[in-house]
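Since the structure comes first, as structure tokens, the remarks are kept for the end.
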Amino acid sequence: MQKTKKISIPFVYIVLIVMFVINIILNPNILSARGFNSLMIQLMPTIFVAMAQMSVMIAGEINLAMDGIINIVIITIALTMGYLGALSLVFATVVGVGIGIVMSLIITKFKISSFIVTLAFGMIFNGFALLLMPRPGGDISKTLATVIKGNPIVVPNSLLILIGTLLLWKLFKKSRYGLHMYAVGGNEYSAFTSGINVHKSKMMAYICSSLFIVAAAIVLCGKSLMGDPTIGDGFPLTSVSGAVLGGALFSGGVGTMKGAIAGGALMAILLNILFFLNVDSAYQYIAQGAILFASIAFTMAKSDKKQ
Amino acid sequence: MTGLNYFVKREKNIFALFLFFIVMWFIMRSSVSGFGTGAQFTYILQQAAFLGIACIGQNLIVLTGGIDLSPGYMITFSGILLTVLCNKMGMSFALSFIICMVAMVLLGMANGLGVAKLKIPPMVMTLSAGTMIQGLSLLISGGFPSSLKNSGFSKWIGTKAILGISNVTLLWIILSIVITFLLAKTTLGKHIYYVGSNSLAARFCGINVSCVLIKIYILSAVFCGLAGIILVGFTAQSTLNMGNSYLFTGVTAVVLGGTSVAGGKGNYIGTVAGCLLLILIQSALTMMGIPDGGQTLIKGVVLIVLVILYEVAGRKRA
């Protein structure tokens, strides 16, 4: 037993390291401070959405509204930054968290599958974002970009933000709410019978998810410096892949944020490598699908053996 | 008649949905100028037929408690494969059609094997397969849209069979009857419901769960392929994003039709009503001049409101 425990490094880390090394070989530039910074900025949105998906998957739910929330948050920032300045980030956070709370209320009060509720909310806010701003535009202050893209102390600011979020999550996970979230995801019924407020825990999961999504949206804002109402498209599926690669289960109760970060980073770094290889976009799709399939199949085979 | 009475009593939601469709039709007809001609009704039926055929497979998979994220890519792939075989390779339409169907069976089998044998969650399996399929589509098409030169098939799609109903609609009606019969009266149908409501119990009852799942995923791929081919016949060209809108619209139609995403509950008649309603809303909004964003928003609102209503109504009965 001891021996098997020693070598059971989650598959995703190994693949991630291999991919990272391949990326370095293809583009040694990423070892320089500037190259590493730009790589981090590219990975960050995907990592954040994977973390967002992980936090709801731990509680046994799913969140497919990411595209809608990211789009509406970005549009909110783009429309209000001119008047409110930095306050618009707070306003956007309130919007994002509000959407999360409403979704969790509908899911828990009416007992409707989170798949449908979040799908519908994704549609609603995708549409709303497009109505508010049919074409990319709006003004986002350059300060945001310098904060997000900068690296005054060699280490990229984006990496510091990520580490900060991870530490906050560690604190949260140790707290009562965090423990309850895992318990609810593991077995909702027994969590309920042991006196845990299931509805509240699920709401906490959606609030966490919304916060991570807002973080992703803010990074995207700083990256592109304008409000694009369709920039979030495709993130729900990427985030599910990232979270599952990172060890989340659809049945809930398991998964770590470290895993989600690795899974999200893997999804993004893969695109980066394929871009650098300059392969035909047809093969990019095929490689992306194949690596996702292989990693998940391997992870599943491993977890099957454990059981 | 007792059969109909029984159906109305048991399937109140679906009955209400059809009623809602008819009421909506008349409201739109009186409020939106130019809406509600016979030609438009035919058009709505035809558009709903595309959606309906494309989400047969989704319906079956959702009944088993899974989800298929590859329909959009499958539709695109089969459409593109057909035009490539017909135009570039110069094959006859019938031969290309058969090759397309064989390809779809293989793709569906791959999905099914992944879900049933490798135990990969359906969402991730179909997503990764879908991504690869999109790559294949790009590869064989070279990224360019191509048009179908076989005019006989396009003509067949456009012609009206009887009573102003087009051939595609007729095909959809026949398929609906077949699928409803399959779900209600055959062993496979019963097995689908058992697997959906409790897959472990189904296995202990001696049902070969993997076999059922593989069959379902093959059926799904085949119907998506069929929808893609019909779509190519209708628009006379294949593009790389022709199937995209069918993925989440298909799921929406299935859910509107009262099929539970937890599995084991629902039927295809509901999905038919869901498709009709969605297409009606879409064409009414287009005629009112509401932009794309507004249409998506309203579809989302309809979905969430109806699902909440189902839940509340279901609770009262229980």
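Worth knowing before you read on, the calculation uses all heavy atoms, side chains too, and leaves out hydrogens, waters and symmetry mates. Letters A, B, ... mirror the listed sequences (proteins, then strands); counts begin at 1.
Heavy atoms of A:F110 lying under 4.5 Å from chain B belong to its backbone as well as its side chain. Looking at A:F128, both its backbone and its side chain come within 4.5 Å of chain B, counting heavy atoms on both sides. Heavy atoms of A:F293 lying under 4.5 Å from chain B belong to its backbone as well as its side chain. Proximity to chain B (any heavy atom under 4.5 Å) is restricted, for A:I62, to the side chain, taken from C-beta onward. Within the 4.5 angstrom heavy-atom criterion, no atom of A:F125 approaches chain B.
Side-chain contact check for B:V124 versus A:F250: some heavy-atom pair is nearer than 4.5 Å. Contact of the A:L130 side chain with the B:P291 side chain is not registered, since no non-hydrogen atoms from C-beta on lie closer than 4.5 Å. Looking only at side-chain heavy atoms (C-beta outward), B:L139 and A:Y283 come within less than 4.5 Å of each other.
Of all the heavy atoms in A:A120 and B:L303, the pair that sits closest is CB-CD2, 3.7 Å. The shortest non-hydrogen separation linking B:L118 to A:A297 is CD1-CB, 4.4 Å. Here the shortest heavy-atom pairing between B:G293 and A:L131 reads C-CG, 4.1 Å. Residues A:K111 and B:E311 approach most closely at O-OE1, 4.0 Å, considering heavy atoms. Scanning both residues, B:I308 and A:I106, for their nearest heavy atoms gives CD1-CG2, 4.0 Å. Between B:P121 and A:I296, the shortest heavy-atom distance links the atoms CD-CG2, 4.5 Å.
Between chain A and the options B:V261, B:D292, B:V302, the largest number of non-hydrogen pairs under 4.5 Å is found for B:V261. In terms of heavy-atom pairs under 4.5 angstrom with chain A, the leader among B:I133, B:I290, B:I298, B:T296 is B:T296. The most heavy-atom pairs under 4.5 Å with chain B, out of A:V240, A:L64, A:V244, A:L237, come from A:L237. Contact tally against chain B (heavy-atom pairs below 4.5 Å) for A:G122, A:S113, A:G127: the top residue is A:G127.
Dense packing is recorded around OH of B:Y193, with more than 12 heavy atoms of other residues, nucleotides or ligands lying under 6.0 Å away. Counting heavy atoms of neighbouring residues, nucleotides and ligands inside a 6.0 Å radius, atom CZ of A:F192 does not exceed 12 of them. Residue A:Y285 places its OH atom among 12 or fewer non-hydrogen atoms of other residues, nucleotides or ligands, all under 6.0 Å distant.
Of residues 58-71 of chain B, those residues lying under 4.5 Å from chain A by any heavy-atom pair are B:I67, B:L69. At a heavy-atom cut-off of under 4.5 Å, chain A is reached by B:F248, B:V251, B:T252, B:V255 from residues 246-260 of chain B, listed in order of number.
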Trace of the side chain to side chain contact (heavy atoms under 4.5 Å, CB included) decision for B:L127 with A:S241: CA-CA 9 Å; B:L127 177 64; A:S241 315; 3.4 Å; yes

